[in-house]
Amino acid sequence: MSEPDVVLALAALAQPLRLRVFRALVVAGPVGLTPGALSEALGAAPTTLSFHLKELAHAQLISQERDGRHLIYRADFTRMNGLLGYLTEHCCQGQPCCGAPACEEIGRV
């Protein structure tokens with residue numbers, strides 16, 4: 001993942017509702033969610049949600065698929081893992097980490 005892509009992804013996630021939307025789509029997994037389900041779950045107005053979904057899609061963090069009359073949004077797990085990999089690529093300069101919980105979660109300790 002290139003630095004400009006990382007900046008775009010982080011900028012997209014640097015807004016509370018977009019972060020909540022992305023996390024909800026991660027939890028939903030490959031099944032994804034419709035805008036209506038997201039709106040109801042997050043208590044967001046449909047027009048507001050639409051704007052934020054567009055921003056996340058522009059950053060390529062989510063995908064959109066039409067299923068009949070419905071749109072299904074899904075987290076792009078490959079892109080998410082690429083972002084996490086970029087951020088942790090040189091964690092602790094390749095040495096065992098200090099034992100911080102974040103390092104344990106990604107298997108660096």
Exercise. Glu3: what forms a salt bridge (charged side-chain N to carboxylate O under 4.0 Å, His left out) with it, not counting sequence neighbours?
Worked result: none

For this session: Hey, could you give me each pair passing salt bridge (charged side-chain N to carboxylate O under 4.0 Å, His left out) that has a residue in residues 57-73? Not counting sequence neighbours.
Result: Glu65-Arg74

Exercise. So how far is it from Leu83 CG to Gln60 CD, rounded to the nearest 0.5 Å?
Worked result: 12.0 Å

Exercise. Is there side-chain contact between Leu53 and Leu38, with heavy atoms separated by less than 4.5 Å?
Worked result: yes

Problem set entry | 4.5 Å side-chain heavy-atom contact, Val26 and Phe77 | yes

Exercise. Which is it for His52 and Thr48 under the side-chain contact (heavy atoms from CB on, under 4.5 Å) test, yes or no, and what are the steps along the way?
Worked result: CA-CA 7 Å; His52 291 299; Thr48 301; 3.7 Å; yes

For this session: Please check if atom CD in Gln64 has more than 12 non-hydrogen atoms from other residues, nucleotides or ligands closer than 6.0 Å.
Result: yes

Exercise. Does the side-chain contact (heavy atoms from CB on, under 4.5 Å) test come out yes or no for Leu8 and His58, once each step is laid out?
Worked result: CA-CA 9 Å; Leu8 183 64; His58 177 70; 3.9 Å; yes

Exercise. Quick one: do Ile62 and Leu10 end up in the same hydrophobic cluster if we chain Ile, Leu, Val, Met, Phe, Trp and Tyr together by side-chain heavy atoms under 4.5 Å apart?
Worked result: yes

Exercise. Between CE of Met1 and CG of Leu87, what distance do you get to the nearest 0.5 Å?
Worked result: 9.0 Å

For this session: Give, for atom CG of Leu71 and atom OG of Ser63, the distance between the pair rounded to the nearest 0.5 Å.
Result: 11.0 Å

Exercise. Does the Arg18 side chain pair with the main chain of Leu56, one donor and one acceptor, at a distance under 3.5 Å?
Worked result: no

Exercise. So, for Leu61 and Ala12, which heavy atoms are closest and what is the spacing to 0.1 Å?
Worked result: CD1-CB, 4.2 Å

Problem set entry | 4.5 Å side-chain heavy-atom contact, Leu33 and Tyr73 | no

Problem set entry | Between Thr78 and Asn81: side-chain donor-acceptor atoms closer than 3.5 Å | no

For this session: Determine yes or no for a side-chain-to-main-chain donor-acceptor pair under 3.5 angstrom, with Ser39 supplying the side chain and Ala44 the backbone.
Result: yes

Exercise. Should Gln15 and Leu19 count as side-chain neighbours, where that means a heavy-atom distance under 4.5 Å?
Worked result: no

Exercise. Side chain of Thr88, backbone of Leu84: donor and acceptor closer than 3.5 Å?
Worked result: yes

For this session: Decide whether Ile72 and Phe22 are clustered together by the hydrophobic rule: side chain heavy atoms of Ile, Leu, Val, Met, Phe, Trp, Tyr closer than 4.5 Å, transitively.
Result: no

